[in-house]
Amino acid sequence: MVATWNPAAASSYYLRGAEYYLGAVEPVGRWYAPGADFGLVDGAEVEPLTFERLYAGRGVDGQTLLSQSGRADRVPAFDVTFSAPRSVALAWAFAGLDLKAAIEAAQERAVRAVLTTIEREAIWARRGKGGLTLEPVALSAAQFQHGESRPAEHEDGRIFGDPNLHTHTVVLNLATRADGSVGAIHSKILRDWKMAAGAQYHAALAHEMETLGFAIDRVGYNGTFELAGVSDVLIRYFSARRKEIEDELAEHQTTSRSAAALASAITRATREAKSDSGTRSREEVWAEAAAAQGVAVETFAENLRQHGRQPESQLGERLLAERLAVLPRELTETRSVFERRDLFRAVSAALVGTGLPAERVSNEVERLLHDGAVVEIGRDPIGLPRYSTAEMVAVERQIVEIARDLAADTRKGINRDALIVRCNDAGLSLEQRSAAITATGPQAIAIIEGAPGSGKTTTLAPVVAAYREAGCRVLGAATAWRIARMLQNDLGIEARATASWLEKARRGHEILDRNTVLIVDEAGLLSSRDMHAILSEVQRAGAKLILIGDRGQLQAIGAGPGLDLVSRAVEAARVETIVRQHDAWAREAVRDFGAGETGRALEAFAERGLLVEVRGARAAITAIADRWEAAQDADPTASNLLLAKTNAQVAAISREVRGRLKDRGLIHGPEIEFATVTPSGHGSQITLARGDHIRFLVRSDELGVVNGSVGIVTRVMEQVDPDAPGERRIKVEAVTGGRLVTFDPTALADDKGRARLGWAYSSSIYGSQGLTVDRALVLVDPALDRHDIYVAASRARDKTTLVVDTSAIDRHILAERPLDRQVTGIELSASERRDWLAGRLSRSNIKLSTVAVIEAGGEQAKGRIRLASRSRELDHGL
């Protein structure tokens, strides 16, 4: 499901735009208007004059309906488009008249089911000073069901619009309020519900198709599905328009799921006018193309129904119960606080494939709340509920309580005078010395927090030496094995990945005691659950804990800001002075990025020629590789780091660098390609030959490598498996950590047989935390936020170069403009692009803790926001 949001354009444009929805090729539009607002009749045909009048926000007398109509940026309506899976569209396209009508009716019912939920949950008008009061209002929308995509060239050279059953729901941006006045709806709430709306649409349509006798399979993220019996090959062929958009996205090294805004911008920027395919009907064009693909068009849809059977209700109920049982835990895997829309989205997705109707969503949501599996913990700034689970609330409360107890647990501290001597001998600054004194104080817990590159690890050297002299055992931990190994090498202590220590503790190993000091580096990456486990083990053993981290950098992928919770009970020692960057301007720029002063930081890079702006993703990759190659030639001994946001971008940079190494003869000999998996779990392919630099993405005690270990391939071999004729065996020899290892990539495979191995020519920004290099090259795109750029710009001592694809920025800027100005070829100024980019890079996406939400709720003024009961039936007559 894709939602398109358009700023207002000239009224003449919208009147012309209305003709698109009222064309003669597609069925007439129908009103969704259960509330009968503005005299609309639910289910009635959309008449052009009424549609155009309400689109312009005018009454039957031609006067404006809105109490505040003078705003030039008023958005007349929002187009929310519900698109059926391509297999459903194909079944519809090749069905007989009766079945075709039944599928169209199923599409209509599925969309209306979603709109019913949207009206109850996400349609509000703002009232009062500053719009602080929310009032439930009626949803009025014109529904237009369409059946094809815009023309595109297919792999066999044919040019036509693919079957694409979809419904444009044009939600009018006006509604009558309780006092009779007319106001705009709260667009952000509606926009934020689009993922939940998409999931419920998938659930509703899947149920409708199963009722018609079809079976579904390939259920994916957010409840996406396909019809059983329709091959992926046929789906790909009849998705030529989608392929055009995906190709554009691939050029930007991203996907439509991870870059919905960019996909939408590309869709609008590259679309062409719909055509009537000459004198032939679109059904004739589709049938001819399908027959050429070997499809028996006349029996295609009915044969699909033979794949299906009416779902057994008991089996569906059992499957839903199993999914809902684990849903609360899944909702808090990546965050500890979620919204009502997240709950609806998850329950809707859980329904897909059960055969149960989507109308169950609301009941199941209320049941989860009634049974206490999900609990409301507070309200957001506009008064909508926020949720978590009882388990997560307990975990995060206990983090604060245990941290407070540890801070009150005092024991004999390190001799302060001796420590100061050590700090002075090590050349520590006053700030670093103060942090070392805090870390070695009598409390059982301490935090050293500061900017990246401020020498936090250097500060630890005299701390470790002092504790060892006092007879203590010092251990190290970090989220990544690679950082743990750096701790081990830099401080000369035993260090492991945090997960490894916790697993040992879970198995009953006595790791800590009162004579142990545990140093946890990059503690800002710890999830709430991991932080709770560490604190509990430290408290049980009576050990000392020193947390090293920075809340301003990237947070944990797992749920909850663990370090922030501890800092509520323990005052952190701050180390703010950056020492990593050699140049004063670079240190200042890093501070500016961290503080959200991104415009000033970008200008500093631009003044020194270190903000490289190019046109196109391909040009950006080339620019990074060019500068990397020049840096290597200038000083082969210097360390270089090539950074990007996504694994797809990392792979694109690696592929370009590898190609250049091949051209130079540094990678040579036989090549072997095999399937791999990225750190985010997506499938990929890798080609290896002698000279390739590789990164292990999993720990292997047999090979002596950890997640993040790098190596250089010395040989690759491919042999026929004697135990399984016809299957190949791959052997890779590589030097890692000064040792030669030989391994079969399948020994490092995940449960799908994909090797957890990658090229080591580039790195993700998230994976670069804790690294220090001489030079860094960063691909800067609109997906980055303040935390990303703060980490990326702070890795290098000598020089950091930021490379920007201006065409990607242009697409985003154009997508935010009125529809009549969303055309390519418009020249944007460098300052306009830079200002827009600065705004994007200044965004802060801090994860909330349950403790913070609960505390904020206690401070919120009561009765400021009027919200109707969530179980209400809207009374549109009031």
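On a predicted model such as this, the values are computed, not experimentally measured, just so you know.
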Please check if the side chain of [X] supplies one atom and the backbone of [Y] the other of a donor-acceptor pair under 3.5 Å.
| X | Y | answer |
| --- | --- | --- |
| Y387 | R340 | no |
| S764 | G767 | yes |
| R695 | N707 | no |
| S762 | A651 | no |
| R756 | P745 | no |
| R568 | V851 | no |
| T746 | A749 | no |
| T736 | V710 | yes |
| T438 | S434 | yes |
| D371 | A373 | no |

Crowding at [atom1], [X] (>12 non-hydrogen neighbours, <6.0 Å):
| X | atom1 | answer |
| --- | --- | --- |
| R506 | CZ | yes |
| Q685 | CD | yes |
| E571 | CD | no |
| R580 | CZ | yes |

Side-chain touch [X]/[Y], heavy atoms, less than 4.5 angstrom:
| X | Y | answer |
| --- | --- | --- |
| R795 | T772 | no |
| T389 | V375 | no |
| L331 | L343 | yes |

Working to the nearest 0.5 Å, report the span between [atom1] of [X] and [atom2] of [Y].
| X | Y | atom1 | atom2 | result |
| --- | --- | --- | --- | --- |
| I854 | S388 | CD1 | OG | 8.0 Å |
| E339 | R386 | CD | CZ | 5.0 Å |
| L487 | E494 | CG | CD | 12.0 Å |

Legend entry - Member of Q398, R397, E396 meeting the side-chain hydrogen bond (donor to acceptor under 3.5 Å, both in side chains) criterion with H532: Q398
Establish, from distance only, whether the side-chain atoms of [X] and [Y] form a donor-acceptor pair under 3.5 Å.
| X | Y | result |
| --- | --- | --- |
| D788 | Y766 | no |
| N222 | R345 | yes |
| T457 | D490 | no |

